[in-house]
There are 4 protein chains.
Amino acid sequence: MRQGEREDREQALIEAAVSVFRTQGYAGTSVRAITELAGCGTGTFYLYFPSKDDCFMAIIDRLYQRVVAQVATRRATAGTTPAKLWASIGAVLEVFSAEHALAHVVLVQGPGIGPSFRERLDRIRQTFSELIAEDLVESGLDPWVAACGARALLGALGEVLVWQVDADAPGGRLTRAGEEVRRRFFMGYGLPPVDDGREMMT
Amino acid sequence: MRQGEREDREQALIEAAVSVFRTQGYAGTSVRAITELAGCGTGTFYLYFPSKDDCFMAIIDRLYQRVVAQVATRRATAGTTPAKLWASIGAVLEVFSAEHALAHVVLVQGPGIGPSFRERLDRIRQTFSELIAEDLVESGLDPWVAACGARALLGALGEVLVWQVDADAPGGRLTRAGEEVRRRFFMGYGLPPVDDGREMMT
Amino acid sequence: MRQGEREDREQALIEAAVSVFRTQGYAGTSVRAITELAGCGTGTFYLYFPSKDDCFMAIIDRLYQRVVAQVATRRATAGTTPAKLWASIGAVLEVFSAEHALAHVVLVQGPGIGPSFRERLDRIRQTFSELIAEDLVESGLDPWVAACGARALLGALGEVLVWQVDADAPGGRLTRAGEEVRRRFFMGYGLPPVDDGREMMT
Amino acid sequence: MRQGEREDREQALIEAAVSVFRTQGYAGTSVRAITELAGCGTGTFYLYFPSKDDCFMAIIDRLYQRVVAQVATRRATAGTTPAKLWASIGAVLEVFSAEHALAHVVLVQGPGIGPSFRERLDRIRQTFSELIAEDLVESGLDPWVAACGARALLGALGEVLVWQVDADAPGGRLTRAGEEVRRRFFMGYGLPPVDDGREMMT
DNA sequence: GATGAATGAGCTTTCATTCAT
DNA sequence: GATGAATGAAAGCTCATTCAT
């Protein structure tokens, strides 16, 4: 089997998994339901993931990797600290918008599954919120206030994403809502708004 | 059996349930684990809740009722619209702080369990976010911006609560973090800060 | 408590038990369902019967005792052997007709519950079928043919009773059907019909 | 998996089920007990039957289908109405004799399990008793007498079968007892005996 | 590599029975 | 005597995972 075939099937399985997880919840999703939707046998699932848990972990990681990559890309071309912060949030919005099904499942189901998932997600959240917090501290905020703000921002962005996805809003609407949150966040912390010429919708 | 005895045991079961749900997740929690922690037989559980699902629903409802009651109380003594908004958020903080274990479980596990729970939680979130949004609209904001802000606020408050509870922060710290979010929220939306003389920690 | 009160309540419990057993089956009947119908607490049930099994046994025994008593009464006034046989069957019909609910439950549910019930019922059936068989032998039939006939008669009477009760037939119809079976039975075995002046319906 | 393998295992499960049902009763039989006797895991049971109830229903249906088929076969070669009646009863005897374990369980346990089983069995009984009754009416009997006789015959045959099976009588003895019932039935209703040259035992 | 039949641990739930009131 | 809350054994059933084909 070509490498590509393997990736295609893994992709199909992940998409099927995301689809079922989203409507049925993690516990309500059986491996059989995933494989049936993906159009393969149950045993095949285990050629791609060591367990159901690992499949969900792979979903989390996939989203995380994309966010990390996009954030790095966007920050590289930003000059000032506020611009970096602005760009980081924008990067998250871009990925969440492009992978909204993935993001929805990770944000909604992830935290509730169990301790190991909580831990993995917390590590990710921690990574990102520390990045934000550092930018805020560099912008002159008290460290505790910064940490608090970073967390609040994460929560706000996640909630707004889920809200829009649940409402079946088109990608543009989703992004615009995220951008609105970013703008208010900057205002709330007295930071200068940034014009990066990227706003997709006006 | 005295009325009080029944309530005591129901309370013990809910507390045990919250404790196990929080560490093991909803699906990872067996009824037996709850009753063992509560110190009664498995069958006893079913004298108080028709099913495991209903037990979780009872947890959700209990939190919701307290929030609704507290919000009503605090709004009653507030004058201007911004003061009502300020008071509403404060009411949520008070309840979440007092019932942080309950709130943590509802916020973290609730959304992921399954469609029926999502629905119930969404109804509650909808109720509260509409209240906030109305205050924002009355304060002169565009309806869509207001709706967006209300959702963002819910997400931010929830995330900050969970963050603090996970960090085993004392109740005072938790409240202070929430108040910080409220303050930044007001600034973000250009609303005048309110001094209600209620800040518990300084 | 007067003796009569105790018997009244036992009667009420048995009637309730028969009613629920009949519609729900033995296993489908909970003690609580019986006591609710009888209008007393669950614990009270155990003041009258040592167990659910024993309650059913009591129902069986009650029917059996009435049949035995009635058969003895009717046989006492019969002269010839065929007349005794005729009278015995008539006695059964009288009791089954008067206690059709009891009989229905015993005949339909009894055999399927479990080994101990089967055994008890078999003993009863054995008792009665031997009586019939002896009459047949005395009337000149081969013992094996007689045994066979006695069993067949029991089955035929039971089936006809259940059929009529299920059809909600009035008691008279039920008796007439039984008498028809008795008449054909006598013809089948070449016995002279008996006129005991007892046919209730014509 | 070959088609034959699947049928073999289903057959093994049905045989195990019949064996346990017969000794323990329906409610007293656990699925685990069946699978242990059949030599497979508990989950395997549910690959063959959707539920314990459906397994019993399958047993009922299997017996019913065989009776229907055999009756049709035997009636096809019978000339006169009495001969058809004679042949129908003979067909039932043949099947009950060949499948006496199945028949025993259906006759003894079936009626007591619950309303849905009663209903299914009644439909079957109704089917067969109407067939018999029609033959009797064609032979000149009053419809009500015929219906009564058909029911009585069913009861008599069932009782005699169960009696012989409980006594561990060999198949030949069982058949002979049934034939004796048939002969007496014909005499009881004044029908001419039929010699179909099929009597297996003399 | 792909399959799906087989497995059995473990779940939620019921209910006969007990016993403190 | 009467009650019904409490109990826990045991049931039916599901599903992640394995492995022979």
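Throughout, a chain's letter reflects where its sequence line sits, starting with A, and its residues are numbered from 1. What you see is a predicted model; the values in this text were computed from it and never measured.
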- F:dG1 P sits how many Å from C:L47 CG, rounded? 6 Å

- Query: Which heavy-atom pair separates C:L13 from C:C40 by the least distance, and what is that distance?
  - Reply: CD2-SG, 4.0 Å

- By side chain to side chain donor-acceptor pair (under 3.5 Å) - contacts of B:R125 (at least two apart): A:E159

- Message: I'd like to compare against my own output: the B/S/- annotation of nucleotides 11-21 of chain E with a strict under-4.0 Å heavy-atom distance to protein.
- Response: SSBB-SBB---

- For D:A27, enumerate each residue passing the side chain to side chain contact (heavy atoms under 4.5 Å, CB included) test, keeping only those at least two apart in sequence or located in another chain. C:A27

- Query: Considering only E:dT7, E:dT3, F:dT3, which nucleotide approaches the side chain of A:C40 most closely?
  - Reply: E:dT3

- Between F:dA5 atom C1' and B:L13 atom CG, what is the distance in whole Å? 13 Å

- Item | With A:A12 via side chain to side chain contact (heavy atoms under 4.5 Å, CB included) - residues at least two apart | none

- Could you tell me which residues satisfy side chain to side chain contact (heavy atoms under 4.5 Å, CB included) with D:T23, sequence neighbours excluded, listed by chain and number? none

- Message: What is the separation between atom CG on D:D54 and atom C1' on F:dG12, rounded to the nearest whole Å?
- Response: 13 Å

- Atom CD1 of D:I113 and atom P of F:dA11: how far apart are they, to the nearest Å? 16 Å

- Task: Write out the stems for DNA chain F, ordered by first number and formatted as range with range, counting runs of at least 3 consecutive Watson-Crick or G-U wobble pairs under 3.5 Å.
- Result: E:2-21 with F:2-21

- Residues pairing under side chain to side chain donor-acceptor pair (under 3.5 Å) where one sits in residues 11-21 of chain A, two or more places apart or in two chains, turn out to be A:Q11-A:E15, A:Q11-A:R62

- Which residues pass the ring pair (Phe, Tyr, Trp, His ring centres under 6.0 Å) test with B:F45, sequence neighbours left out? B:F49

- Task: Output all residues satisfying salt bridge (Lys or Arg N to Asp or Glu O under 4.0 Å) with D:D61, sequence neighbours left out; order by chain, then residue number.
- Result: D:R120

- Message: According to salt bridge (charged side-chain N to carboxylate O under 4.0 Å, His left out), does anything in residues 36-60 of chain A pair up with another residue at least two apart or in another chain? List the pairs.
- Response: none

- Query: Just how far is it from atom CD1 of A:I60 to atom CE of A:M57, taken to the nearest 0.5 Å?
  - Reply: 5.5 Å

- Report yes if at least one side-chain N or O of C:R6 is closer than 4.0 Å to OP1 or OP2 of F:dG1; otherwise report no. no

- Query: Using a cut-off of less than 4.0 Å, is there contact between a side-chain N or O of A:Y48 and OP1 or OP2 of E:dA2?
  - Reply: yes

- For DNA chain E, which residues in residues 14-25 of chain D have a heavy atom at a distance below 4.0 Å? none

- Rounded distance in Å - CD (D:E36) to P (F:dG12): 12 Å

Donor-acceptor pairs under 3.5 angstrom involving side-chain atoms of residues 100-118 of chain A: please list them, not counting sequence neighbours.
{"residue": "A:H100", "atom": "ND1", "partner": "A:S97", "partner atom": "O", "Å": "3.3"}
{"residue": "A:H104", "atom": "NE2", "partner": "A:D166", "partner atom": "OD1", "Å": "2.9"}
{"residue": "A:Q109", "atom": "NE2", "partner": "A:F21", "partner atom": "O", "Å": "3.1"}
{"residue": "A:R118", "atom": "NH2", "partner": "B:D166", "partner atom": "OD2", "Å": "2.5"}

